[in-house]
2 protein chains.
Amino acid sequence: MGDLEIRPATADDIPAIVAMLADDPLGAQRESPDDLTPYLSALERLSRDPHQFLVVADRDGQVVGTLQLTIIPGLSRKGATRSIIEAVRIHADERGSGLGTQFIEWAVEESRRQGCSLVQLTSDASRTDAHRFYERLGFTASHVGFKLAL
Amino acid sequence: MGDLEIRPATADDIPAIVAMLADDPLGAQRESPDDLTPYLSALERLSRDPHQFLVVADRDGQVVGTLQLTIIPGLSRKGATRSIIEAVRIHADERGSGLGTQFIEWAVEESRRQGCSLVQLTSDASRTDAHRFYERLGFTASHVGFKLAL
């Protein structure tokens with residue numbers, strides 16, 4: 001396989017990112033790949049926030065993965081800054097290629113560069129393969145994740 | 001009981017906030033109430049970030065609760081903005097007073113005002129009382145929360 005570059009997402013990447021968000025048992029129900037307007041607005045909001053890193057994995061000009069890293073300062077744990085990884089998607093053609101591991105390792109390294117002492121993420125209870133994946137990478141399933149839709 | 005005000009935290013609130021963070025079975029191990037320097041630096045980082053709302057519940061001039069709300073724009077769910085509630089603490093004297101409910105309801109309303117369509121939080125797997133509390137408030141325990149200390 002060709003070289004992998006992890007770089008900030010641009011408006012040109014939105015169709016490929018939204019296709020990956022929708023190509024997923026849970027995402028298929030909640031995305032609108034035929035109308036990219038709300039995603040382009042969201043990209044603008046993300047670009048204005050210096051604590052947001054929306055990135056893509058680019059292999060030879062093809063977008064093959066995406067994730068969002070958020071840097072969150074805080075008081076607890078002696079004023080620790082933490083990061084949250086959200087919206088991780090790997091293109092179907094790349095599953096099993098090791099890209100997921102490289103990608104999460106990138107997010108962990110970037111969190112370190114940003115001064116974080118903790119990396120967090122939540123994963124839907126039904127994604128048991130993902131849970132094993134994160135545990136292999138050293139994450140601990142110590143918490144219950146709650147959501148409330150408004 | 002006197003009137004309750006929910007307001008942004010200031011440097012003067014830090015001793016009371018840190019005392020609450022430390023007065024907790026998990027927090028006791030990881031806070032340093034005798035050295036407030038790292039907390040004051042963290043408050044500065046929080047103050048510079050317009051997506052951070054560190055608040056206290058103030059009853060007649062006494063700080064009786066704290067929580068942190070973070071607003072996170074994103075692409076998934078049609079460009080949905082979400083909020084994350086972190087570091088919720090209620091003073092021991094106020095437990096059972098209904099303050100916890102009022103406080104989370106405030107955070108949910110503030111999330112709505114900020115344009116969020118989803119509120120998230122994680123709670124340590126050992127905090128089973130907290131889990132029932134969040135479920136009573138309408139939250140769904142749909143996710144597993146992973147952490148990696150750096």
Side-chain angles (χ1 to χ4, degrees), chain A residues 9 14 17-18 21 27 30-32 35 38-43 45-46 49 51-52 54 66 68 70 72-82 84 86-87 108 111-112 116-125 127 131 134-135 137-150, chain B residues 9 14 17-18 21 27 30-32 35 38-43 45-46 49 51-52 54 66 68 70 72-82 84 86-87 108 111-112 116-125 127 131 134-135 137-150:
Chain A
I14 291 294
I17 294 174
V18 176
L21 292 173
R30 52 194 193 205
E31 305 301 343
S32 65
D35 176 14
Y39 301 96
L40 290 163
S41 310
L43 181 65
R45 287 192 290 277
L46 286 160
D49 184 339
H51 288 134
Q52 293 294 342
L54 177 71
T66 181
Q68 179 180 348
T70 303
I72 302 189
L75 289 192
S76 59
R77 300 172 184 242
K78 299 182 194 163
T81 296
R82 62 186 74 196
I84 295 191
E86 284 273 359
V108 169
S111 301
R112 230 187 276 272
C116 299
S117 53
L118 194 65
V119 183
Q120 298 182 188
L121 60 90
T122 67
S123 178
D124 193 279
R127 299 194 198 268
H131 302 173
Y134 289 120
E135 285 179 329
L137 290 173
F139 285 80
T140 306
S142 53
H143 282 60
V144 180
F146 291 84
K147 287 191 200 266
L148 174 71
L150 300 186
Chain B
I14 292 294
I17 294 174
V18 176
L21 292 173
R30 53 195 192 204
E31 305 301 342
S32 66
D35 176 14
Y39 301 96
L40 290 164
S41 310
L43 181 65
R45 286 193 289 277
L46 286 160
D49 184 339
H51 287 137
Q52 293 294 343
L54 177 71
T66 181
Q68 179 180 347
T70 303
I72 302 189
L75 289 193
S76 59
R77 300 172 185 242
K78 299 182 192 160
T81 297
R82 62 187 73 198
I84 295 191
E86 284 275 358
V108 169
S111 301
R112 230 188 277 270
C116 298
S117 52
L118 193 66
V119 183
Q120 298 181 188
L121 58 90
T122 67
S123 179
D124 193 281
R127 299 194 198 269
H131 302 173
Y134 289 120
E135 285 179 329
L137 290 173
F139 286 81
T140 306
S142 53
H143 282 61
V144 180
F146 291 85
K147 287 191 200 267
L148 174 71
L150 300 185

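As the structure is a prediction and not an experimental result, all values here were calculated from the model. Letters A, B, ... mirror the listed sequences (proteins, then strands); counts begin at 1.
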Checking B:Val144 against A:Val144 for the side chain to side chain contact (heavy atoms under 4.5 Å, CB included) test, could you report, in this order, the C-alpha distance in whole Å, the side-chain angles of both residues, the deciding distance, and whether it holds?
CA-CA 5 Å; B:Val144 180; A:Val144 180; over 6 Å; no
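- Taking the six-membered ring for Trp and thresholds of 30 and 60 degrees, A:Phe146 and B:Tyr134 have ring planes inclined between 30 and 60 degrees apart.
- In this structure, chain A has a heavy atom under 4.5 Å from the side chain of B:Leu54, while its backbone stays farther away.
- For the atom pair CG (A:Leu148) and SG (B:Cys116), the distance works out to 11.0 Å, reported to the nearest 0.5 Å.
- Rounding to the nearest 0.5 Å gives a distance of 10.5 Å between OG1 of A:Thr140 and NZ of B:Lys147.
- Contacts with chain A were tallied for B:Thr70, B:Ile17, B:Leu121, B:Leu40; B:Leu121 has the most, counting heavy-atom pairs under 4.5 Å.
- Heavy-atom distances place both the backbone and the side chain of B:Glu31 under 4.5 Å from chain A.
- Put simply, of A:Pro38, A:Ser142, A:Ala9, the one with the most heavy-atom pairs under 4.5 Å next to chain B is A:Ser142.
- For chain A, the option among B:Asp35, B:Ile84, B:Ile72 with the highest count of heavy-atom pairs below 4.5 Å is B:Ile72.
- For B:Val108, the parts sitting under 4.5 Å from any heavy atom of chain A are the backbone and the side chain alike.
- Looking at residues two or more places apart in sequence or on another chain, you find a side-chain contact (heavy atoms from CB on, under 4.5 Å) between A:Arg127 and A:Asp24, A:Leu26, A:Arg30, A:Arg89, A:Ser123, A:Asp124, A:Ala130, A:His131.
- Per-residue heavy-atom pair counts under 4.5 Å with chain B were compared for A:Ala42, A:Ser111, A:Ala87, and the maximum is reached by A:Ala42.
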Listed pairs under 3.5 Å, donor-acceptor, residues 73-82 of chain B side chains, sequence neighbours left out:
unit_1  : atom_1 : unit_2   : atom_2 : d
B:Ser76 : OG     : B:Arg82  : NH2    : 3.3
B:Arg82 : NH1    : A:Glu86  : OE1    : 3.1
B:Arg82 : NH1    : B:Gln120 : OE1    : 2.4

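- Residues A:Leu118 and B:Leu150 share a closest heavy-atom pair of N-CG, 4.3 Å.
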